[in-house]
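Here, residue 1 is the first one in the sequence, and each next residue gets the next number. Just follow the structure's listing: the first ligand is 1, and inside any ligand the first atom is 1. None of these values were measured; they are calculated from a predicted model.
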Amino acid sequence: MRAVIHIDMDAFFAAVEERKDPELEGRPVVVGADPRGGEGRGVVSTCNYEAREYGISSGMPIAEAYDRCPDAVYLPVDRASYAAVSERLMDRIRRTGDRFEKASIDEAYIACHDLDGFRTAVSTARELKNGIQDGHDLGCSVGVARNKTVAKIASDRDKPDGFTAVDPGTERSFLADMAVSTIPGVGSRTEERLEAMDVTTVGDLASCPEAQLREALGKHGVSIHRKARGIDPSPVGTRSERKSIGSETTFREDVEGIRGVKNFLQVLCNEVGKEVRERGIRFRTVELKLRRSDFETFTRQKTVGSPLRSGSAMYDIAERLLERFDEEESYRLVGVRVKNLRHGGLRQARLSEFVH
Ligand code: TTP
Ligand code: MG
């Protein structure tokens, strides 16, 4: 069985601004367009919870926010700094689970196998939340459940600084009294159509016959019906990024001398190089492993200053490491592994990176 943890940062852009400038503490802070004394165009990106007391919210015209609270601190959007903070948070979150999915700049899912029971996942989630608070000085809200939909709804339940775990088997009762619009995928149009069918709560939706929903809303009706019953089999994104990639081989017969090992090493570097390329990864450390016939095993590694990406660069380093070993010995295994990885697969590569 798996457990899913959903993390959503509280008032994210505003929280990063507050962390930069402690003088903001306790004051309403609005991040967005310039209000220009009430004449500004554009909208509010977000605001802290103090500003929400005035009825200000994301997407509101900045002039309206100004009307509601001219004394708030108005700050422009500093997207680069939020993105940098987000990257560090995502690294932290990614390390906690078996699988990881970034859902937006301030929101992610992780899946944990809970072989030791759901409670283990709940304490993992609690530690993560505390770690983000203590280590990054930022608040977040966390939901833990059997699946993504319920975990997301749970994290939103008690914002800010919320922590909600939905025990397995209680999903339906947890959702029952909530408005149908709580279900991801139920927008205002669907909400209206459901209301016309007297379906206003998630509980109403869950007990509505599936055939009726299919007739009214097609496939979408079936999908939201399942979610309303606390069912969501969708997987959490990709596997957590790996710390190292490598391969090794035990020779069919022991190989005399390091010269004979080189051919095997070449093949391994090609193989690992291919995987590195396919994943868009770069590496700075190459580790060579050798096992002698008497089973004594050695590893040697070298770290270079700028990241590499090819199997041939890997081989060049590994070959030099190999030369530190005794030519007279016989060996039974060779392995190569790259570490200190940069996962830049989805990032736009700079032109200079293609030019060698
Ligand atoms: P959200 O997580 O929706 O909002 P939030 O983190 O500010 O507040 P909370 O989660 O506590 O309710 O969005 C994350 C960031 O995305 C938010 O800080 C600013 C940005 N954003 C916009 O720029 N425009 C928008 O309309 C929304 C909703 C968010
Ligand atoms: Mg948020």
(message) Could you identify the N, O or S atom of Asp8 positioned closest to the Mg ion (ligand 2)?
(response) OD1
(message) We want to know whether Ser155 and Asp8 form a side-chain donor-acceptor pair, criterion being a heavy-atom distance below 3.5 angstrom.
(response) no
(message) Closer than 4.0 Å to some heavy atom of Phe12 - which atoms of ligand 1 meet that?
(response) 5 (P), 6 (O), 7 (O), 18 (O)
(request) Pull out every atom of ligand 1 sitting under 4.0 Å from any heavy atom of Asp8, numbered as shown with elements. (result) 2 (O), 10 (O)
(message) Check contact between Met60 and ligand 1, using heavy atoms of the residue and a distance below 4.0 angstrom.
(response) no
(request) Just jot down the ligand 1 atoms closer than 4.0 angstrom to any heavy atom of Ser58, in number order. (result) 25 (C), 26 (O), 27 (C), 28 (C)
(message) Below 3.5 Å, N or O to N or O, backbone or side chain included: is there any such pair between Arg79 and ligand 1?
(response) no
(request) Mind telling me whether Phe325 and Phe298 have parallel, tilted or perpendicular rings, with 30° and 60° as the class edges? (result) perpendicular
(request) Check the side chains of Ser81 and Asp78 for a donor-acceptor pair under 3.5 angstrom, ignoring hydrogens and angles. (result) yes
(message) As a check for students: among Met9, Arg52, Glu17, identify the option with a heavy atom nearest to atom 8 (O) of ligand 1.
(response) Arg52
(message) Minimum heavy-atom separation for Glu323 and Ile258, please, with both atom names.
(response) CA-CD1, 4.0 Å
(message) Ignoring hydrogens, what is the shortest heavy-atom contact between Pro76 and Val31? Give both atom names and the distance.
(response) O-CG1, 4.0 Å
(request) Indicate the atoms forming the closest heavy-atom contact of Pro168 with Arg146, along with that distance. (result) CG-NH2, 3.7 Å
(request) Specify whether an N/O/S atom of Met9 falls short of 2.8 Å from the Mg ion (ligand 2). (result) yes
(request) Around atom 7 (O) of ligand 1, find the nearest protein heavy atom and jot down its residue, atom name and distance. (result) Thr46 OG1, 2.5 Å
(message) Tell me whether atom 3 (O) of ligand 1 lies less than 4.0 Å from at least one protein heavy-atom position.
(response) no
(request) Please determine if the Mg ion (ligand 2) has an N/O/S atom from Asp106 lying under 2.8 Å away. (result) yes
(request) Measure from atom 29 (C) of ligand 1 to every heavy atom in Cys47, Gly59, Ala11, Ser45 and give the option owning the shortest one. (result) Ser45
(message) For atom 1 (P) of ligand 1, what's the nearest protein heavy-atom neighbour? Residue, atom name and distance, please.
(response) Asp106 OD2, 4.0 Å
(request) Return yes when Tyr82 approaches ligand 1 closer than 4.0 angstrom through a heavy atom, no otherwise. (result) no
(message) Closer than 4.0 angstrom, basic N to acidic O: yes or no for Glu50 and Arg27?
(response) no
(message) Given Glu248, which partner from the list Arg291, Lys289, Arg332 fulfils the salt bridge (charged side-chain N to carboxylate O under 4.0 Å, His left out) test?
(response) Lys289
(request) Just need the protein heavy atom nearest to atom 15 (C) of ligand 1, so name the residue and atom and give the distance. (result) Phe13 CE1, 3.8 Å
(message) Is it the case that the side chains of Asn147 and Thr149 hold a donor-acceptor pair, with the cut-off being a distance below 3.5 Å and no angle test?
(response) no
(message) Does the plane of the ring in Phe13 sit parallel, tilted or perpendicular to the ring in Tyr82? Use 30° and 60° as the thresholds.
(response) parallel
(request) Could you establish whether Glu107 and ligand 1 come within less than 4.0 Å of each other, counting only heavy atoms on the residue side? (result) no
(request) List the atom of Asp10, the atom of Ala15, and the distance in Å for their closest heavy-atom pair. (result) O-CB, 3.6 Å
(request) For Tyr49, counting its heavy atoms only, list the atoms of ligand 1 lying under 4.0 Å from any of them. (result) 9 (P), 11 (O), 12 (O)
